[in-house]
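Below: one structure, written as structure tokens.
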Amino acid sequence: MTSAAQLAELATDIAREAGVLARQRREEGVRVADTKSSIADIVTEADREVEALIRRRLREARPEDGFVGEESEPEHGASGITWVVDPIDGTVNYAYGIPHYAVSIAAVQGVPEPAEWTALAGVVYGAVSGELFHAVAGEGAFLDGRPIAVNPEPSAAGALLATGFGYDPRSHAGDLAQVERVMPYARDLRRFGSAALDLCAVACGRLDGYFERGLKPWDHAAGGLIITEAGGRIDVGSEPDDFGRVLVVASGPALFDRLLTAARGA
Ligand code: LIP
């Protein structure tokens with residue numbers, strides 16, 4: 001019986017190898033292979049190649065497991081464990097040469113749906129910074145092996161928040177209204193372009209909170225476990241907006257309810 005810590009070790013080794021490949025392909029020049037939900041929602045050839053590497057390595061090590069990835073067809077496994085993978089989180093940054101993107105790999109047990117799964121292990125590897133965030137269920141969250149924790153509450157100056165905007169320009173008015181509702185709690189707002197790294201920034205106290213509509217399970221599967229193991233809270237959403245996008249909110253405990261209520265507009 002493989003332990004959650006052993007799953008995290010496997011994911012760490014694979015994430016590092018995948019990050020090296022992503023960086024190498026970036027240096028060689030990146031080609032957009034296709035668009036998905038909108039013209040702004042791009043996938044590069046590197047996204048597909050990196051996901052294929054991750055999938056191959058996982059199959060070699062654990063052929064009975066399932067797989068859910070951003071760029072390829074899902075596969076149901078016999079082991080009850082599913083790998084939820086974003087090969088390059090921050091694809092638009094990656095395509096523009098902005099040095100801020102990550103490999104995100106999570107192992108979950110049960111139905112591979114965010115509202116139903118039990119996350120066992122999560123790894124987010126900053127492919128440019130080389131920072132390795134990981135968490136093992138019940139055993140804490142770490143940055144390069146050192147324990148990390150969320151900010152228990154924002155400073156009196158207000159919360160440093162991060163968010164993202166959808167690929168569909170029609171959704172931007174709603175996103176901006178959402179920003180307007182949360183700004184009374186904020187000292188400032190950041191938009192870094194990688195949800196996985198945003199969640200890890202909250203987990204290690206570099207941000208007080210994060211909110212965004214439109215994330216997919218692979219964007220937050222690993223970062224969500226890292227947040228909760230770092231003492232934070234995350235809501236992965238259940239009520240889609242007019243564009244079918246659910247809201248993800250994450251922060252330390254003191255800010256969470258206020259941020260969730262304001263972001264939702266409830
Ligand atoms: C991205 C997220 C980002 C969000 C983008 C996209 P991708 O993931 O990391 O926070 O704003 O819309 O979802 O597509 O680069 O894996």
Side-chain angles (χ1 to χ4, degrees), residues 36-38 40-41 68-70 74 82 84-86 89-92 104 106 108-119 122 124 137 150 153-154 159-186 189-203 207-266:
K36 299 186 283 189
S37 62
S38 74
D41 187 2
V68 171
E70 179 167 17
T82 301
V84 185
V85 172
D86 189 340
D89 182 71
T91 296
V92 174
S104 180
V108 302
Q109 194 158 41
V111 175
E113 291 292 335
E116 299 185 63
W117 71 43
T118 299
V124 174
V150 296
E153 60 182 309
L160 186 59
L161 302 176
T163 190
F165 300 98
Y167 286 122
D168 183 338
R170 296 174 301 163
S171 66
H172 288 169
D175 291 341
L176 291 172
Q178 190 170 256
V179 168
E180 194 174 352
R181 290 194 301 268
V182 306
M183 284 313 281
Y185 301 108
L189 186 69
R190 299 285 187 270
R191 200 305 189 223
F192 291 118
S194 165
L197 289 174
D198 289 341
L199 291 167
C200 290
V202 174
L207 288 171
D208 292 301
Y210 165 72
F211 61 98
E212 181 167 355
R213 276 196 182 279
L215 297 189
K216 300 293 189 287
W218 43 77
D219 291 319
H220 62 74
L225 179 65
I226 292 167
I227 285 261
T228 54
E229 287 296 322
R233 293 178 61 187
I234 185 169
D235 185 296
V236 295
S238 56
E239 295 164 28
D241 67 0
D242 296 343
F243 300 92
R245 307 177 307 159
V246 293
L247 174 65
V248 171
V249 174
S251 75
L255 175 64
F256 186 77
D257 289 337
R258 285 178 290 157
L259 182 59
L260 182 64
T261 301
R264 274 178 175 166

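Between Val179 and Phe211, some side-chain heavy-atom pair lies under the 4.5 Å cut-off. The closest side-chain heavy-atom distance from Val246 to Val236 is not below 4.5 Å. Contact annotation: the side chain of Leu189 approaches that of Thr163 to within less than 4.5 Å [non-hydrogen atoms, C-beta and beyond]. Taking the side chain as every heavy atom from C-beta outward, Val202 and Ile234 never approach each other to under 4.5 Å.
In terms of heavy-atom proximity, Ser238 sits nearest to Pro240 at O-CD, 3.2 Å. Smallest separation of non-hydrogen atoms from Gly209 and Ser251: CA-CB, 3.9 Å. Between Pro253 and Gly231, the closest heavy-atom pair is CD-O, 3.6 Å. Between Val124 and Ala222, the closest heavy-atom pair is CG2-CB, 3.8 Å. In terms of heavy atoms, Ala119 sits closest to Ala137 at O-CB, 3.5 Å. Between Cys200 and Ile226 the shortest heavy-atom distance is SG-CD1, 3.9 Å.
Counting only distance, with no hydrogens or angles, the side chain of Asp89 and the backbone of Ala196 share a donor-acceptor pair below 3.5 Å. A donor-acceptor distance shorter than 3.5 angstrom exists from the side chain of Asp175 to the backbone of Gly166, with no hydrogens or angles considered. At distances below 3.5 Å, not a single donor-acceptor pair connects side-chain atoms of Arg190 with backbone N or O atoms of Ala162.
The CG atom of Leu260 sits 7.0 Å away from the CG atom of Leu247 when rounded to the nearest 0.5 Å. Note that OG1 of Thr91 and NZ of Lys36 are 6.5 Å apart. Values are rounded to the nearest 0.5 Å. Separating the OH atom in Tyr185 from the CG atom in Asp208 is a distance of 14.5 Å, to the nearest 0.5 Å. Rounding to the nearest 0.5 Å places CG of Asp235 at 10.0 Å from CG of Asp257. Rounding to the nearest 0.5 Å places CZ of Arg213 at 8.5 Å from CD of Glu239. The distance from the CD atom of Glu70 to the CG atom of Asp86 is 4.5 Å, given to the nearest 0.5 Å.
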- request: Go through Val84 and Trp117 one step at a time and tell me if the side-chain contact (heavy atoms from CB on, under 4.5 Å) criterion holds.
  value: CA-CA 11 Å; Val84 185; Trp117 71 43; 4.1 Å; yes
- prompt: side-chain contact (heavy atoms from CB on, under 4.5 Å) between Leu161 and Leu255: does it pass, once the steps are laid out?
  reply: CA-CA 11 Å; Leu161 302 176; Leu255 175 64; 4.0 Å; yes
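By the ring-ring contact (aromatic ring centres under 6.0 Å, His included) test, Phe192 is found to be paired with His100, residues two or more places apart in sequence or in another chain being considered.
Every pair tested for salt bridge (charged side-chain N to carboxylate O under 4.0 Å, His left out) that includes a residue from residues 214-230 fails, sequence neighbours excluded, so the list is empty.
Below 30°, between 30° and 60°, or above 60°: for Phe165 and His172 the angle between ring planes is above 60°, a perpendicular geometry.
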